[in-house]
Amino acid sequence: NFDLSEEQEMFCASVERFAAPIDVEARRKLRLSPTGYDRARWQDLAELGLITLAAPEEAGGIGGSPVDLVLVHEAIGKANAPDPLLEHGVLPARLLEGHEALESVLSGARNATLAWAERSQRYSLKPAGGTAEESGDGFTITGEKTFVLGGLLADLFIVTARLYGETAVFAVSADTPGMETRAYRLTDGSIASAPSTRLRGSITTPLLSSTSCPPSAYAQRLNSSGLASACSTTLSPSLRNASSLASQSAPSRRCNIGW
């Protein structure tokens, strides 16, 4: 039986209502804000339970099933909504399990993003230049990250680094001394990274976990799938191919951070 439950249908309808009102003018206003997104809208998204959906119940979340996540991401993609649910919601909810910052992230009071990409690493999740060393009761991280989604919006960076030859993950506050964040706008108002060639000191932070980061491509494809579905039913055939390619383009808020 592949029919949706009544609860799933109601939840999906709520997401569609939330995403639908974003017209061209509203989107432009959102993109021209200092961070490329509106914190008040993010708080509304959190109150819908979309962030807690990705976290297990024992961690304070709703513990949504894979089908629940599919429905949410397809609805957001179908509306072509600008909400960064993947980078600021799903990934942090998964990676911060057991960390003290998780509660504030799930409530929408704090915004977190994953900083994993490095120069010349393509899409490898293994850090090459970012390293971590024990320092007092914590760790010192040295290195540079690029392609940080929503970097100007984030209060907390989830940073990957090499520790004892393995990939470790650290929670680093955005206001940590020694961190440099540089960004520039694209023509659509989104924010992209500016190259940085200098290391800006080091950061001491508690170890979050020592694990490989889960791939984000799955949820990204769900967004694209929803948008492609909308394109196939609302656009003329001559525009569908272009819209399908646009739905797979790079996420809309990026920045570069260095230590």
Side-chain angles (χ1 to χ4, degrees), residues 5 7-8 10-19 30 33 35-77 79 81-116 148-160 168-176 205-220 222-223 226 251-253 255:
S5 67
E7 185 178 74
Q8 287 174 326
M10 291 176 60
F11 191 69
C12 190
S14 297
V15 177
E16 290 175 349
R17 285 195 299 271
F18 172 81
L30 198 67
S33 65
T35 60
Y37 191 73
D38 182 18
R39 283 185 176 271
R41 181 177 171 86
W42 183 253
Q43 188 65 55
D44 292 340
L45 182 146
E47 291 175 359
L48 277 176
L50 301 190
I51 306 175
T52 55
L53 187 69
E57 292 184 23
E58 56 270 22
I62 296 177
S65 68
V67 173
D68 295 328
L69 292 175
V70 166
L71 294 175
V72 169
H73 283 279
E74 283 193 330
I76 289 178
D83 306 294
L85 181 59
L86 171 62
E87 55 264 44
H88 294 297
V90 175
L91 289 178
R94 297 287 189 178
L95 292 172
L96 288 172
E97 184 176 348
H99 192 273
E100 60 182 9
L102 179 60
E103 182 178 355
S104 59
V105 169
L106 294 181
S107 69
R110 202 173 187 185
N111 203 295
T113 191
L114 177 62
W116 62 274
V148 181
L149 308 182
L152 295 186
L153 185 66
D155 305 301
L156 186 73
F157 291 99
I158 304 172
V159 183
T160 59
V169 185
F170 298 83
V172 182
S173 177
D175 59 2
T176 301
T205 178
L207 178 67
L208 173 63
S209 62
S210 181
T211 179
S212 296
C213 295
S216 61
Y218 180 64
Q220 182 65 40
L222 295 178
N223 284 331
S252 56
R253 290 152 303 283
C255 79

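Quick note: residue numbers are just sequence positions, from 1. Just so you know, these numbers come straight off a predicted model, no measurement behind them.
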What distance do L95 atom CG and T113 atom OG1 have between them, rounded to the nearest 0.5 Å?
10.5 Å
For Q43, does the CD atom have more than 12 heavy-atom neighbours from other residues, nucleotides or ligands under 6.0 Å away?
yes
Would you say D44's side chain and R41's backbone share a donor-acceptor pair under 3.5 angstrom?
no
Quick one: pull up CG in L91 and CH2 in W116 and give me the separation to the nearest 0.5 Å.
10.0 Å
Smallest separation among heavy atoms of A46 and I51, with atom names:
CB-CD1, 3.7 Å
CZ/R110 to CD/E103 distance, rounded to the nearest 0.5 angstrom?
11.5 Å
Determine whether a donor-acceptor pair (N or O, by modelled atom type, separation under 3.5 Å) exists between the side chain of H88 and the backbone of A112.
yes
Gap separating the CG atom of N111 from the CZ atom of F157, nearest 0.5 angstrom
9.5 Å
Cationic N near anionic O, under 4.0 Å, R39 to D155:
yes
Applying the side-chain contact (heavy atoms from CB on, under 4.5 Å) test to F11, which of L50, I62, L48 qualifies?
L50
For the residue pair I158 and L114, what are the closest heavy atoms and their distance?
O-CD1, 3.2 Å
Taking Q8 for the side chain and S5 for the main chain, is one N or O donor matched with an acceptor at less than 3.5 Å?
yes
A quick test of your reading: do over 12 heavy atoms of other residues, nucleotides or ligands sit less than 6.0 Å from CD of E7?
no
Rounded distance [0.5 Å steps], OG1 in T52 versus CD in E57
10.5 Å
Closest heavy-atom pair, V72 versus L85, reported as atoms and distance to 0.1 Å, is CG1-CD2, 3.4 Å
Begin from the C-alpha positions of V90 and H73 and carry the test side chain to side chain contact (heavy atoms under 4.5 Å, CB included) through to its verdict.
CA-CA 10 Å; V90 175; H73 283 279; 3.4 Å; yes
Say you draw a straight line from CD of E47 to CZ of F18; how long is it, rounded to the nearest 0.5 Å?
10.0 Å
Can you see which heavy atom on L106 is nearest to which on G61, and at what distance?
CD1-N, 4.2 Å
Which heavy atom of L102 sits nearest to which heavy atom of P92, and what is that distance?
CD1-O, 4.3 Å
